[in-house]
Amino acid sequence: MERAFQRTQVLTNHLLQSSSPLPSQTLSSNACLSYSPPELSENCAFDIKEMRKLIDGHNLEERDWLFGLMKQSELFNPKVKGGKVFVSPDYNQSMEQQREMTLKRIKYLQERGVFKGWLTEKGEEIEMRKFAGFEVFSIYDHSLFTKLGVHFPMWGGAIQFCGAKHHHDKWLRDTENYSIKGCFAMTELGHGSNIRSLETVTTYDSSTGEFVINTPCESAQKFWIGGAAKHATHTVVFSQLHINGINQGVHAFIVQIRDVDGNICPNIRIADCGHKIGLNGVDNGRIWFDNVRVPRENLLNSVADVSPDGKYLSSIKNPDQRFAAFMAPMTVGRVNIAIGAVYQSKVALAITIRYALTRRAFSLKPNEPEVLLLDYPSHQRRLFPLVAKTYAMSFAANYLKVLYAKRTPQSNKAIHIVSSSFKATFTWNNMQILQECREACGGQGLRTENRVGHLKGEYDVQSTFEGDNFLLMQLVSKALFAEYMAAQKRNKVFKGLGLEHMNKPCPVIPSQLTSTTLRCSQFQMDALCLRERDLLNRFVADVLKCKAKGENTDQAFNSCYELAKDLGRAFSERAIFQTFVEAESTLPAGSLK
């Protein structure tokens with residue numbers, strides 16, 4: 001009542017234009033409006049540099065060198081605030097301006113040797129260096145990250161992994177130097193996730209030794225092709241290959257789409273996909289082919305080839321196995337998207353928690369200072385679990401990078417399954433985190449300059465990039481189903497994918513759950529394993545029940561789609577937690593642990 005009376009008095013004096021308000025009624029600056037960086041007043045209970053080494057994991061000097069290059073150039077909009085240099089794109093620019101700025105930034109980085117060896121060197125060290133680079137780019141701008149992702153891992157990776165030595169010799173160095181600008185023409189208007197049903201058709205003309213590529217209908221136009229609208233000079237076209245009237249399935253061909261002056265090549269039509277809710281620094285385009293001829297050597301032939309006289313040649317006779325072998329190396333795009341999502345979660349949480357350590361709202365007693373947002377239990381509850389989840393995802397992302405960098409033909413299946421599950425989980429979590437952070441920043445979360453709200457539009461696409469997340473979870477569940485059936489059929493133990501827990505007795509959850517029990521990592525692992533085991537058993541049982549009723553395998557999987565999604569999540573979350581526990585277990589006792 002006292003506070004209500006005080007407010008009424010202030011309002012009365014204002015309305016009556018009283019010239020002598022009481023001292024207690026004068027307006028004065030409030031602590032909620034003052035700002036100082038939180039690190040000036042907040043103490044950290046652990047060594048920040050050591051924690052960074054732990055969660056970044058590798059190539060720290062390389063990352064800092066890249067950050068330094070960005071801070072030195074006006075292309076990256078460096079601004080000095082509070083004694084620090086901040087870099088961020090200007091999202092107020094038009095779509096055309098953002099596209100040109102992305103291209104200029106890439107050229108700036110290329111001229112300073114950032115991409116040296118990215119395609120012409122091999123081995124684990126260069127793979128980890130590329131991952132570090134992409135993580136830095138994702139922190140700065142999703143358009144820069146994506147345009148480089150299309151050019152290097154997608155276009156360059158397709159040539160590197162699906163081509164032969166003569167392709168490497170002809171194309172990789174010019175790609176690395178960015179004198180060739182590549183794009184990746186897989187998605188069509190009518191087909192995105194279902195790659196095997198693409199409608200673009202390629203035939204072979206043995207009289208000229210050329211492949212002839214056609215867009216036979218409107219749904220076959222290549223769509224959402226990053227780089228195609230303005231800048232790309234070449235593309236890898238994914239197309240059905242018809243030889244002597246027989247469809248041999250999807251294959252990849254190198255096609256030039258623009259000449260050295262930027263003019264579109266004959267028999268090719270390109271249109272702009274236009275403005276998007278995010279990623280406007282990437283020039284997505286549509287492509288049609290009208291009897292476009294390319295030399296026989298432009299077929300990427302690591303899996304299959306066509307002889308000069310028109311015979312189809314492949315050591316892999318089974319079309320399903322041939323398609324799997326052809327697509328196996330392309331998982332790097334999925335890996336990059338997964339790790340990029342984790343770093344965006346870090347960006348959003350860093351901004352939001354710094355804001356919560358400076359913004360105050362409401363005092364608990366009259367005449368007391370207002371309370372920091374982060375001192376409210378409700379604010380802690382909405383943000384701290386997301387911080388913990390992001391730490392866990394960081395270690396899982398590091399595990400995925402090493403798994404990919406050390407890949408062998410035998411590990412390709414595991415990489416495919418783990419990258420699919422992590423990509424779906426990380427990107428879903430990222431969107432949840434971005435939304436929570438936007439709300440936790442109040443109205444400030446709406447300002448483009450503050451990034452958090454804008455990032456929602458920038459990263460929403462990752463839920464469908466490189467495979468729709470729901471379909472990826474179904475893919476993971478199908479793979480787990482196959483592992484289960486193989487183990488049952490051969491009467492062997494589970495091996496790989498972290499499923500070894502299926503060989504042990506079923507964990508028992510105590511009837512009395514104490515705080516100590518709940519905080520025990522072994523109990524937490526048991527709970528996650530029990531959930532995965534239960535869902536896998538139920539999923540297998542339901543699929544087999546559907547098949548017993550006469551449904552084919554695909555129909556049975558579709559009938560069990562809800563269980564498939566839940567099982568995919570359970571597999572992913574158990575695997576993430578496992579990497580988190582393993583990372584923690586390697587640390588000596590101390591504040592970092």
Side-chain angles (χ1 to χ4, degrees), residues 37 39-40 48-49 51-53 55-121 125-126 128-153 156 173 175-179 181 227 230-231 279-283 336 339-340 342-344 346-348 350-351 354 447-452 454-455 458:
E39 55 266 28
L40 297 182
I48 296 173
K49 291 182 179 179
M51 183 65 84
R52 187 210 168 183
K53 283 182 187 177
I55 59 175
D56 274 351
H58 60 96
N59 296 90
L60 268 64
E61 290 184 4
E62 187 105 18
R63 295 167 194 259
D64 289 341
W65 173 63
L66 272 174
F67 287 132
L69 288 179
M70 291 178 177
K71 288 192 289 186
Q72 292 167 19
S73 172
E74 292 300 317
L75 291 171
F76 294 88
N77 304 320
K79 295 178 181 177
V80 179
K81 293 183 179 180
K84 293 185 176 183
V85 181
F86 292 87
V87 291
S88 178
D90 181 1
Y91 292 115
N92 294 311
Q93 291 181 322
S94 68
M95 179 182 74
E96 290 76 13
Q97 289 172 320
Q98 289 186 52
R99 289 174 172 183
E100 290 310 309
M101 285 304 294
T102 302
L103 183 64
K104 288 177 181 178
R105 287 167 187 147
I106 292 173
K107 289 180 177 178
Y108 169 85
L109 295 170
Q110 188 276 323
E111 288 166 0
R112 281 146 188 83
V114 171
F115 312 126
K116 186 176 185 298
W118 276 31
L119 292 172
T120 54
E121 296 177 18
E125 192 279 330
I126 192 67
M128 299 306 282
R129 184 148 60 90
K130 284 190 284 187
F131 282 136
F134 275 108
E135 286 163 4
V136 170
F137 303 144
S138 74
I139 290 172
Y140 177 73
D141 176 36
H142 196 204
S143 289
L144 180 65
F145 169 88
T146 301
K147 197 170 177 77
L148 286 170
V150 169
H151 178 76
F152 281 101
R173 188 164 299 281
T175 297
E176 188 175 283
N177 294 336
Y178 214 62
S179 53
K181 301 174 185 65
K230 296 290 181 184
H231 300 142
L279 274 181
N280 283 301
V282 177
D283 50 318
N336 270 321
I339 62 178
V342 176
Y343 272 85
Q344 278 318 301
K346 294 178 184 181
V347 168
I351 293 169
R354 284 172 62 83
R447 292 187 67 199
T448 302
E449 183 184 32
N450 291 335
R451 298 193 73 180
V452 176
H454 182 84
L455 290 176
E458 285 288 320

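Everything numeric in this text was worked out from a predicted model, so none of it was measured.
- Annotation: W118 is not in aromatic contact with Y178 [ring centroid separation under 6.0 Å not met].
- A distance-only check finds no donor-acceptor pair linking the side chain of D283 to the backbone of R99 [under 3.5 Å].
- With hydrogens and angles ignored, the 3.5 Å screen pairs no side-chain donor or acceptor of T146 with any backbone N or O of S143.
- Considering CG of N92 and CD of Q98, their distance stands at 9.0 Å, rounded to 0.5 Å.
- In this structure, CE on M101 lies 15.0 Å from CG on N280, to the nearest 0.5 angstrom.
- If you take CD1 on I106 and NZ on K147, they are separated by 6.0 Å, rounding to the nearest 0.5 Å.
- Rounding to the nearest 0.5 Å gives a distance of 8.0 Å between CG of N59 and CZ of R129.
- Distance alone, capped at 3.5 Å, places no donor-acceptor pair between the R451 side chain and the V347 backbone.
- For H58 (side chain) and A132 (main-chain N/O), no donor-acceptor pair under 3.5 Å exists by modelled atom type.
- Taking each heavy atom of V114 and F137 in turn, the nearest pair found is CG1-CZ, 4.1 Å.
- The backbone N or O of K116 lies less than 3.5 Å from no partner atom in the side chain of E176, so there is not a single donor-acceptor pair.
- With a 4.5 Å cut-off on side-chain heavy atoms, F131 and N336 count as touching.
- How far CZ of R105 is from CD of E100: 11.5 Å, rounded to the nearest 0.5 Å.
- Residues M70 and Y140 form a side-chain contact, since some pair of their non-hydrogen atoms from C-beta on lies under 4.5 Å apart.
- Between the NZ atom in K79 and the CZ atom in F86 there is a gap of 11.5 Å [rounded to 0.5 Å].
- Listed by chain and residue number, L69, Q72, S73, L75, F76, R112 satisfy the side-chain contact (heavy atoms from CB on, under 4.5 Å) test with Y108 (two or more places apart in sequence, or in another chain).
- Side chain of E62 to backbone of G133: no donor-acceptor contact under 3.5 angstrom is found.
- The existence of a salt bridge linking D64 and R52 is confirmed by a sub-4.0 Å separation between a basic side-chain nitrogen and an acidic carboxylate oxygen.
- Heavy-atom minimum distance, G281 versus T102: O-OG1, 3.2 Å.
- Side-chain contact between H142 and S138: absent, with no pair of heavy atoms (C-beta onward) separated by less than 4.5 Å.
- Classification of the F145-F134 ring pair by plane angle, with boundaries at 30° and 60°, yields perpendicular.
- Closest approach of K53 and L60 over heavy atoms only: CG-CD2, 3.5 Å.
- Considering only residues two or more places apart in sequence or on other chains, Y343 meets the ring pair (Phe, Tyr, Trp, His ring centres under 6.0 Å) condition with none of them.
- Side-chain atoms of N77 come within 3.5 Å of backbone atoms of S88 as a donor-acceptor pair (strictly under, hydrogens ignored).
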